[in-house]
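This one's a predicted model, so the numbers in the text were calculated from it and none came from an experiment.
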Amino acid sequence: ILESVAQSFEQPDFYAAVTQGGVYGKIASSVMLYNLPNNPVAISWTELTTQQDFYNFANSVRSIAYPNVGWGVDYAAALNSATAHFANSTSNGLVQQITIIDDATGFYQANPAATQAASQAAMASGVDVINAIVFDAAWQENTVNSYYQANVVSPGATVTVVSSPQG
């Protein structure tokens, strides 16, 4: 997952969309690991304006020591932590976006009511979009998509469900 995130920041189309198509010509990004206790911030808010900034951010993502503890994912806690992280940001962007990237092996453990409440609270606090990318959903694509649409993502946001394993 982290390698895919890193590669996305190296894509010329993404860089162009931010720097040429965006209002400010820059973006502030951060990475949280929500499968660990207390959802630690692995990379704090970083302003990206030059192509080198995007490459450096990608390399920072690659350098994260990712302890995969598996199971026990708490989407409500993740969304609440991300919302608080936005509130503590000094960046002043026009769009606040949370993207949850996960594998589908543990999503069903999440508390749907608490997750939905956390998603709605995030939106009420000023988060504009909550998207999700979910890997490893073989034979359960519809179930995964339904869960995320009903409980995690914001209205009109995207859920991308991929059957194959992450990576």
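Nearest heavy-atom pair, Val127 versus Phe86, reported as atom, atom and distance to 0.1 Å: CG2-CD1, 3.9 Å. Between Ile43 and Ser30, the shortest heavy-atom contact is O-OG, 2.6 Å. Annotation for Ile130 and Val152: closest pair CG2-O, 3.6 Å, computed over non-hydrogen atoms. Contact detail for Ser44 and Thr46: the closest heavy-atom pair is O-OG1, 2.9 Å. Of all non-hydrogen atoms in Val159 and Val153, the two that sit nearest each other are CG2-CG1, 3.5 Å. Residue Asp128 comes nearest to Met123 through the heavy atom pair O-CE, 3.1 Å, listed as atom of the first residue, atom of the second, then distance.
In this structure, Phe14 and Ile27 have side chains that are in contact, with non-hydrogen atoms separated by less than 4.5 Å. A 4.5 Å side-chain heavy-atom check between Trp45 and His85 finds at least one atom pair inside the cut-off. Proximity of Thr50 to Tyr55: side-chain heavy atoms (C-beta onward) are nowhere separated by under 4.5 Å.
Note on Ile1: it does not cluster hydrophobically with Val41, by side-chain heavy-atom contacts below 4.5 Å among ILVMFWY residues. Tracing side-chain contacts under 4.5 Å through hydrophobic residues (I, L, V, M, F, W, Y), one reaches Tyr34 starting from Val134; they form part of the same cluster.
No donor-acceptor pair closer than 3.5 Å links the side chain of Ser81 to the backbone N or O of Ala78. Listed for the Asn131 side chain is a donor-acceptor partner under 3.5 Å among the backbone atoms of Thr158. Side chain of Glu141 to main chain of Ser163: no donor-acceptor pair is present (N/O by atom type, distance under 3.5 Å, no hydrogens or angles).
Checked options Ile101, Asp102, Thr160; the residue passing with Phe135 is Ile101 (criterion: side chain to side chain contact (heavy atoms under 4.5 Å, CB included)).
Expressed to the nearest 0.5 Å, how far OG of Ser60 lies from CG of Leu2 amounts to 11.5 Å. The structure places CG of Leu79 at 11.5 Å from CD of Gln116, a figure rounded to the nearest 0.5 Å. In this structure, OG1 in Thr49 is found 7.5 Å from OH in Tyr15, a value given to the nearest 0.5 Å. Between the CE atom of Met32 and the CD1 atom of Ile100 there is a distance of 10.0 Å, given to the nearest 0.5 Å. Atom CD of residue Gln7 and atom CD of residue Gln11 lie 7.0 Å apart, to the nearest 0.5 angstrom. Taking OG of Ser146 as the reference point, atom CD of Gln140 lies at 11.5 Å (rounded to 0.5 Å).
Using cut-offs of 30° and 60° on the angle between ring planes, the pair Tyr148 and Tyr75 is perpendicular.
With sequence neighbours left out, Glu10 forms a salt bridge (charged side-chain N to carboxylate O under 4.0 Å, His left out) with Arg62.
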